[in-house]
Protein chains: 2
Amino acid sequence: MYSSELIKGTLKTIVLNLLKEQGRMYGYEITQRVKDLTNGKIQITEGALYPTLHSLEKSGELETEKEYLGKRVRKYYTLTEQGQTTASQKVNELTEFMQTMKFLLDLDPQLGNA
Amino acid sequence: MYSSELIKGTLKTIVLNLLKEQGRMYGYEITQRVKDLTNGKIQITEGALYPTLHSLEKSGELETEKEYLGKRVRKYYTLTEQGQTTASQKVNELTEFMQTMKFLLDLDPQLGNA
DNA sequence: TTGTATACATAAGATTGTTATGTATATTTG
DNA sequence: CAAATATACATAACAATCTTATGTATACAA
């Protein structure tokens, strides 16, 4: 598990990117998928995820449809067109940021990028 | 300039690493060095830096000596032994986190690490 | 002499996470 | 079958950490 400060600021990007690749997911599924994909190293808490999903929906990046499994409810999220654009931008920004950080930490001196 | 959320959680690592490489720096110098090294893409604000330096000093990672240039004061920071250990740990953690994030964002599918 | 740079510091406010709690159904296990 | 665990949503109190604004003070450039 990584110290939680690191995850700050990347959560929206993770969610948007996952939805871009998977097409349609519900909240709980996102937490499990991220946990699986990272061998438990990144664990999104529900207290962080649900407010983030609501916020992304409010700002027009996501739309929802409810589905009923027997009596239980699931809220599926999909990217809007705007959300697709935002997803790409966020991923690009994070990628560039990580390259800059690598350079700053002298981990990839040969790259010479900044 | 990167959106500021991304910098959250990496500031301590940046500072500790810089001091590890440079040996001795003062606050303002750190802001300028980071700005230069990243072509202005990462700009540490003083409102973020000084509290961080004070916190790192309080927790025993840094020690200070004052220097006077005429009438002006400068506070030079150096890593303690504990600070050197912390610096390495933080850099390692951030590096691993970035690899995990890369994998999660599917930027390096061939690596297969997580 | 006025603006910009250097150099420190702190406080109010915003953002975004953790931890705790709540509700409710479904499934597994002793 | 009862109890624990997993699924699935949600929100609130609290904490950490950043931005923005403000303050003090000296040095230098236009």
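Scanning atom types as modelled, one donor and one acceptor separated by under 3.5 angstrom connect the side chain of B:Lys8 and the base of C:dT15.
Distance CD1 (A:Ile7) to C1' (C:dT16): 12 Å, rounded to an integer number of Å. Rounded to an integer number of Å, the gap from CG of B:Leu69 to C1' of C:dC8 is 12 Å. Spacing between atom NZ of B:Lys35 and atom C1' of C:dA5 amounts to 10 Å, rounded to whole angstrom units. A:Lys75 has its NZ atom 11 Å from the C1' atom of D:dA8, to the nearest Å. Rounded to an integer number of Å, the gap from A:Tyr28 OH to C:dT27 P is 13 Å. A:Glu67 has its CD atom 15 Å from the C1' atom of D:dC9, to the nearest Å. Straight-line distance from the NE2 atom of A:His54 to the P atom of D:dA8: 15 Å, rounded to whole Å. C:dT6 atom P lies 11 Å from atom CD of B:Glu29, rounded to whole Å.
Closest-nucleotide positions on DNA chain D for A:Pro51 and A:Gln32 were compared, and the one nearer the 5' end corresponds to A:Gln32.
At the phosphate of C:dT15, neither OP1 nor OP2 sits under 4.0 Å from any side-chain N or O atom of A:Lys12. Listed pair B:Thr45 / D:dT20 fails the phosphate criterion, with no side-chain N or O lying under 4.0 Å from OP1 or OP2. Contact between the side-chain N/O atoms of B:Thr10 and the OP1/OP2 oxygens of D:dC18 is not found at any separation under 4.0 Å. An OP1 or OP2 oxygen of C:dA7 is reached within less than 4.0 angstrom by a side-chain nitrogen or oxygen of B:Arg74.
Here the nucleotide nearest the side chain of A:Arg72, chosen from D:dC9, D:dT7, C:dT18, is D:dT7. For A:Tyr50, taking side-chain heavy atoms from C-beta onward, the closest of the listed nucleotides C:dA9, D:dT17, D:dC9 is D:dC9. Nearest nucleotide to the side chain of A:Glu46, out of D:dC18, D:dC9, C:dT16: D:dC9. Out of D:dA8, C:dC8, C:dT18, the shortest distance to the side chain of B:Tyr26 is found at C:dC8. Looking at the side chain of B:Lys71, the nearest of the listed nucleotides D:dT26, D:dT7, D:dA8 is D:dT26.
Each of A:His54, A:Glu57, A:Lys75 was checked for a side-chain hydrogen bond (donor to acceptor under 3.5 Å, both in side chains) with A:Thr64, and the lone residue meeting it is A:Glu57.
Not one N or O on the side chain of B:Gln89 forms a donor-acceptor pair closer than 3.5 Å with the backbone of B:Gln84.
B:Gly9 comes within contact range of the sugar-phosphate backbone alone, with a heavy-atom separation under 4.0 Å but no base atom that close. Across all strands shown, B:Gly47 has heavy atoms under 4.0 Å from base atoms, whether or not it also approaches the sugar-phosphate.
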Run the side-chain contact (heavy atoms from CB on, under 4.5 Å) test on A:Leu11 and A:Val15 for me, step by step, so that the C-alpha distance in whole Å, both residues' side-chain angles and the decisive distance to 0.1 Å come before the verdict. CA-CA 6 Å; A:Leu11 182 55; A:Val15 169; 4.2 Å; yes
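One finds a salt bridge joining B:Glu65 and B:Arg24 here, because a Lys/Arg side-chain nitrogen approaches an Asp/Glu carboxylate oxygen to under 4.0 Å.
When only modelled atom types and interatomic distance are considered, B:Lys20 and B:Ser88 share a side-chain donor-acceptor pair under 3.5 Å.
Residues A:Thr78 and A:Gly23 share a closest heavy-atom pair of CG2-O, 3.2 Å.
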